[in-house]
Q: 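Handing you a structure now.
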There are 2 protein chains.
Amino acid sequence: MIRLSKLTDYAVVVMTAMIQGDGGPHTAISLAERTGLPAPTVSKILKLLARDGLMASHRGATGGYRLARAPDAINVAQIIAAIDGPIALTDCVEGAAGACGVESLCPRRGNWDRVNRAVRGALEGVSLADMARPSFPDPVLPKAAPALPATADAI
Amino acid sequence: MIRLSKLTDYAVVVMTAMIQGDGGPHTAISLAERTGLPAPTVSKILKLLARDGLMASHRGATGGYRLARAPDAINVAQIIAAIDGPIALTDCVEGAAGACGVESLCPRRGNWDRVNRAVRGALEGVSLADMARPSFPDPVLPKAAPALPATADAI
DNA sequence: GCAATCCGGACCAAATCAGTACCCTTTAAG
DNA sequence: CTTAAAGGGTACTGATTTGGTCCGGATTGC
């Protein structure tokens with residue numbers, strides 16, 4: 001369903017939690033406690049983010065993680081790429097003589113690129129700062145519905 | 001990787017194959033032969049597309065499928081929705097007292113909606129007619145690279 | 001009536017992903 | 001210098017999803 005992995009969702013939660021804290025470095029354990037996520041999972045996420053340069057890590061006894069850039073200089077596309085790897089909408093066919101006839105139909109592939117670019121642009125347009133914003137523009141009914149936040153909006 | 005399912009890719013292949021044929025109805029078997037895809041899979045795709053009103057089906061001895069609308073009146077978002085169901089980028093948490101603390105962090109959810117809308121807009125901007133177009137604007141080197149079309153562009 | 005086609009399920013196997021655990025390296029405090 | 005705390009990396013396992021198949025039934029034209 002074009003849904004991105006749960007880890008990516010968690011990554012946004014963790015990063016927004018870091019924004020809300022003070023400027024000091026955050027340990028994986030403290031972030032796990034603040035977010036309610038399992039500690040090993042948080043550690044894994046932080047490692048992936050640090051590998052892509054979205055986090056600055058400091059090792060040692062008083063170490064921890066810190067955002068490498070300002071929240072509005074990080075966009076959703078970068079986070080997704082760090083966690084889920086490069087985003088390819090289709091794999092078409094990875095091998096040679098797979099289905100797809102004799103790739104005589106695969107000019108279609110070139111057009112998927114167009115779709116990919118459109119999606120990429122959309123994701124780059126939303127920054128981490130946007131995700132951390134209170135967001136709810138509705139002044140009334142901040143929590144009217146019962147505890148069923150559940151699935152995000154459908155396309 | 002935010003990649004959409006292979007079935008969606010196939011759906012586009014099948015639909016473009018229908019455009020190239022004459023105006024008459026296409027049977028699932030004939031489309032399977034033309035595309036090189038397994039017949040049961042093609043049948044499944046056609047059923048899904050018909051269920052969402054993208055195809056017009058005609059039963060009986062001389063039955064078959066036909067595009068319900070003109071190719072430029074069908075966009076990629078509709079095809080994806082028909083095959084993969086409503087596109088939710090995140091499930092956040094479907095149940096009640098899952099992780100995510102006590103949903104005190106889940107205002108984030110509202111912002112995923114913003115991302116969803118952006119992606120949806122990007123997908124709605126590409127029509128089936130666009131996907132069926134020869135696509136390659138490069139007059140030179142229509143097939144310079146070896147037979148490694150493989151993965152589509154990464155984000 | 002017969003044959004061809006669509007229709008709607010259920011079903012199974014394979015791939016992928018989330019989550020966990022383990023061990024190593026690095027760094028700072030005492 | 002020693003010790004403890006923290007990140008870094010790898011491998012494994014269970015669960016979820018997905019791709020693909022099959023069957024019986026309904027519908028239409030010949």
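A quick note: this is a predicted structure, and the numbers were derived from the prediction, not measured. Any value given below was found using the heavy atoms of this structure, including those in side chains, with hydrogens, waters and symmetry copies removed. Naming: A, B, ... by sequence-line order, numbering from 1 per chain.
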Q: Output all residues satisfying side-chain hydrogen bond (donor to acceptor under 3.5 Å, both in side chains) with A/R69, sequence neighbours left out; order by chain, then residue number.
A: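 Residues passing side-chain hydrogen bond (donor to acceptor under 3.5 Å, both in side chains) with A/R69: A/Q78.
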Q: List the residues meeting side chain to side chain contact (heavy atoms under 4.5 Å, CB included) with B/A32, not counting sequence neighbours, and say none if there are none.
A: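 In terms of side chain to side chain contact (heavy atoms under 4.5 Å, CB included), with neighbours along the sequence ignored, B/A32 is linked to B/A39, B/V42.
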Q: Can you name the residues that form a side-chain hydrogen bond (donor to acceptor under 3.5 Å, both in side chains) with A/S43, not counting sequence neighbours?
A: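 Applying side-chain hydrogen bond (donor to acceptor under 3.5 Å, both in side chains) to A/S43 gives none.
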Q: Round to a whole Å and report the spacing from NE2 of A/H26 to P of D/dA6.
A: 14 Å
Q: If you look at every strand shown and take non-hydrogen atoms under 4.0 Å, does B/A28 touch a base, only sugar-phosphate, or nothing?
A: sugar-phosphate
Q: For residues 51-59 of chain A, which residues have at least one heavy atom under 4.0 Å from DNA chain C?
A: A/H58, A/R59
Q: Looking only at the side chain of B/K44 (C-beta and beyond, no hydrogens), which of the listed nucleotides C/dT5, D/dG20, D/dG7 gets closest?
A: D/dG20
Q: Write down the distance between CD1 (A/I83) and C1' (C/dC17), rounded to a whole number of angstrom.
A: 13 Å
Q: So, B/T8 and B/D84: side-chain donor and acceptor under 3.5 Å apart, yes or no?
A: yes
Q: Rounding to a whole Å, what distance do you find between A/L46:CG and C/dG19:P?
A: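 From A/L46 CG to C/dG19 P: 14 Å.
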Q: From the options D/dA5, C/dA18, D/dT21, select the nucleotide whose nearest atom is closest to the side chain of A/K6.
A: C/dA18
Q: Say whether, by atom type as modelled, one donor and one acceptor occur between the side chain of B/R66 and the main chain of B/M55 under 3.5 angstrom.
A: no
Q: In whole Å, what is the span from the CD1 atom of B/I45 to the P atom of C/dG8?
A: 16 Å
Q: For B/I29 and C/dA3, give me the distance from atom CD1 to atom P, rounded to whole Å.
A: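 For the pair B/I29 CD1 and C/dA3 P, the rounded distance is 16 Å.
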Q: Check whether any side-chain N or O of A/S5 sits under 4.0 Å from OP1 or OP2 of C/dA18, and answer yes or no.
A: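 Checking A/S5 against C/dA18: at least one side-chain N or O falls below 4.0 Å of OP1 or OP2.
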Q: Let me know the distance between CG of B/L37 and P of D/dG20, rounded to the nearest Å.
A: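 Between P of D/dG20 and CG of B/L37: 8 Å.
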Q: Is there a side-chain contact between B/Y65 and the phosphate of C/dC7, meaning an N or O under 4.0 Å from OP1 or OP2?
A: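 Yes, because at least one side-chain N or O of B/Y65 sits under 4.0 Å from OP1 or OP2 of C/dC7.
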Q: From CG of B/L31 over to C1' of C/dC6, roughly how many Å is that when rounded to an integer?
A: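 Nearest whole value for this atom pair: 13 Å.
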Q: Establish, with yes or no, whether the OP1 or OP2 oxygen of D/dT21 is under 4.0 angstrom from a side-chain nitrogen or oxygen of B/T41.
A: yes
Q: Quickly work out the B/K47 NZ to D/dG25 C1' distance and round it to whole Å.
A: 12 Å
Q: So what does A/L7 hit on the nucleic acid, given a heavy-atom distance under 4.0 Å: a base, only sugar-phosphate, or nothing?
A: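 If one applies the 4.0 Å heavy-atom cut-off, A/L7 turns out to touch the sugar-phosphate alone, with no base involved.
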Q: Apply side chain to side chain contact (heavy atoms under 4.5 Å, CB included) to B/I19 and list each qualifying residue two or more places apart in sequence or on a separate chain.
A: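 Result, side chain to side chain contact (heavy atoms under 4.5 Å, CB included) vs B/I19: B/L67, B/P71, B/L128, B/A132.
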Q: Quick one: list whatever passes side-chain hydrogen bond (donor to acceptor under 3.5 Å, both in side chains) with A/S57, sequence neighbours left out.
A: none
